[in-house]
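One-based numbering along the sequence shown. Order of appearance sets the numbers: ligands from 1, and atoms from 1 within every ligand.
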Amino acid sequence: MTKNASLHARRGAAIPRGIANAFPVYPQRAEGSEIWDVEGHRFIDFAGGIAVLNTGHRHPKVMAAVARQLEAYTHTAFQVLPYEPYIEVCERLNALAPFSGDAKSVLFSTGAEAVENAIKIARAATGRPGVIAFAGGFHGRTTLTMALTGKVVPYKKKFGVSPPGIYHLPFPAEDQGVTVADTIKAMDFLFRADIDPTDVAAIIIEPVQGEGGFLPAPTELLVALRATCDKHGILLIADEIQTGFARTGKMFGIENSGVEPDLVTVAKSLAGGFPLSGVIGRAAIMDTVEPGGLGGTYAGSPVACAAALAVLDVILEENLLERAKILGGKIKAALDGFATRNNVVPIAAVRGPGAMVAFDVVRERGGFRPDPDATKRVIQAALAEGVILLSCGVGGNTIRILNPLTISDALLDEGLAMLGKALASANV
Ligand code: PMP
């Protein structure tokens, strides 16, 4: 048995199938945009640990900051003894907040925890129970965030009823025949049939749906949601967990629309591989929660805060906002080239702001019909070529590209060439 196979057999025996693995590949080490597995195979990482590694694996500045923090202290619990790195991360996030006026921030560990707390804050600030989310959206796997997530299989199946007060609207998507007008109409129906707008605390939206298929929220929709929120005293929450920290060519995805949210959830690429998440919000809203209402034993770990401070420096020093746009342009040009070839599986709808790029694998050239089986073949063929890719999307036929924004042109070109070969060999 190979090393990967024997580890996978141990994994199967020790760990439940409920946590699925994209690949039975076990890393030995990783650097920048490359991973080497326990058998010495080398892969170019176009998955970034699900959008966590905008600054790449083990960025030297992040490693040095973490090493310094490890020599000082690793844990006190911020609620017991507060520490400067936590304050500094919040100061930096407040300065970056994609809205005008004073901001405050609070830190946690996981994305789901950030979303849970954004909802708690919105409910405390408004005194209202309702929350509106979107079909196809993903906000996490805890009970509340699972309820907010707009996809039943696999996230809600077998987990019983959702907590009350959560409502979903259709998300505009051309291939599903949903327009912005349809979404607005559904919201009008919701306000007549299920909940008065004055009972709604928040509307939560991903500026670009991540797991849902890299679908940008049309600016027209965000503007309409902002107007509805202003009219009825509802808070607008931007879930920036996947779109954040330079991925879309802006620090936060919603900045591409000019619409200002009231609360922002952040995680993933904030700390370059260390578990850190947070909620950034308008100061007056953030201060409505009573002392002790927010927190967590590990929330805002000093080690993760040290990493985040270095990540924020690297984004600026290496001009990753600009780099995301350049990389996105190169990736889209390569994908548009593949789309015109006859010897590859049919692909369509190359899209996404900055370097948050995806495309669909479809049944026929020029069509919309999803081909999830061919998508799986492409991803497996890509692994065999040496590039790690992830799928997403409600039809299981979207391939997303989440390479580090620090990737060199040479590695990007090599990874894209591997993807091109995979698209050809999956064309059976
Ligand atoms: N929100 C969004 C937009 C996400 O993409 C994710 C993770 N994919 C989450 C929330 C949940 O984050 P976590 O897995 O860290 O709980």
Side-chain angles (χ1 to χ4, degrees), residues 18-22 47-54 98 107-122 131-151 154-156 159 166 168 171 202-217 222 236-248 250-254 256 261 263-280 296 298-301 304 307-308 311 352-358 389-394 396 398 400-402:
I19 175 158
N21 303 114
I50 326 183
V52 169
L53 298 166
N54 289 357
L107 303 179
F108 303 98
S109 306
T110 67
E113 226 185 335
V115 173
E116 291 259 353
N117 281 282
I119 302 300
K120 281 169 61 178
I121 294 165
V131 183
I132 298 174
F134 288 86
F138 185 88
H139 300 289
R141 286 185 168 86
T142 59
T143 304
L144 179 66
T145 58
M146 173 185 76
L148 291 169
T149 289
K151 191 175 179 206
Y155 306 121
K156 305 191 194 201
F159 295 132
I166 312 285
H168 287 94
F171 190 84
I203 300 176
I204 182 165
I205 187 163
E206 294 162 84
V208 182
Q209 280 197 342
E211 303 305 311
F214 277 33
L215 300 175
L222 294 169
L236 184 63
I237 306 175
D239 183 342
E240 294 274 2
I241 288 168
Q242 190 149 168
T243 44
F245 302 104
R247 175 57 53 186
T248 68
K250 300 273 186 192
M251 195 56 96
F252 299 110
I254 199 156
N256 290 296
L263 294 164
V264 181
T265 54
V266 294
K268 291 196 187 275
S269 274
L270 168 60
F274 292 83
L276 187 69
S277 68
V279 181
I280 313 169
Y298 297 106
S301 146
V311 164
M356 191 160 181
V357 178
L389 283 173
L390 290 175
S391 64
C392 63
V394 285
T398 300
R400 53 179 154 173
I401 297 178
L402 286 165

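Judged by distance alone, with hydrogens and angles left aside, the side-chain atoms of Ser301 form no donor-acceptor pair with the main-chain N or O of Tyr298 at under 3.5 Å. At distances below 3.5 Å, at least one donor-acceptor pair connects side-chain atoms of Asn54 with backbone N or O atoms of Gly244.
Between the side chains of Gln242 and Gln209, no donor-acceptor pair is found at a separation under 3.5 Å. For the residue pair Glu206/Thr243, the side-chain donor-acceptor check at 3.5 Å is not satisfied.
Atom 14 (O) of ligand 1 is not flagged as protein-proximal [any protein heavy atom, distance under 4.0 Å].
Interface of Ile241 with ligand 1, defined as ligand atoms under 4.0 Å from a residue heavy atom, comprises 1 (N), 2 (C), 4 (C), 6 (C), 9 (C), 10 (C). Atoms of ligand 1 lying under 4.0 Å from any heavy atom of Ala112, numbered from 1 in the order shown and given with element: 11 (C), 12 (O), 13 (P), 16 (O).
For Phe138 and Tyr155, the distance between ring centers is under 6.0 angstrom.
Residue contacts with ligand 1, taken as heavy atom pairs separated by less than 4.0 Å, do not involve Arg141 at all. When heavy-atom distances to ligand 1 are checked against a 4.0 Å cut-off, Lys268 comes that close only through its side chain, counted from C-beta outward.
Looking only at heavy atoms of the protein, atom 2 (C) of ligand 1 is closest to Phe138 O, 3.3 Å. Nearest non-hydrogen protein atom to atom 1 (N) of ligand 1 is Asp239 OD2, 2.8 Å. Scanning the protein for heavy atoms near atom 12 (O) of ligand 1, the closest one is Gly111 CA, 3.3 Å.
Of the charged side-chain nitrogens involved, none lies within less than 4.0 Å of a carboxylate oxygen, so that Glu240 and Arg247 do not count as a salt-bridged pair.
A heavy-atom distance below 4.5 Å is found between the side chains of Ile204 and His139.
Nearest-residue assignment for atom 10 (C) of ligand 1 (options Gln242, Glu206, His139; heavy-atom criterion): His139.
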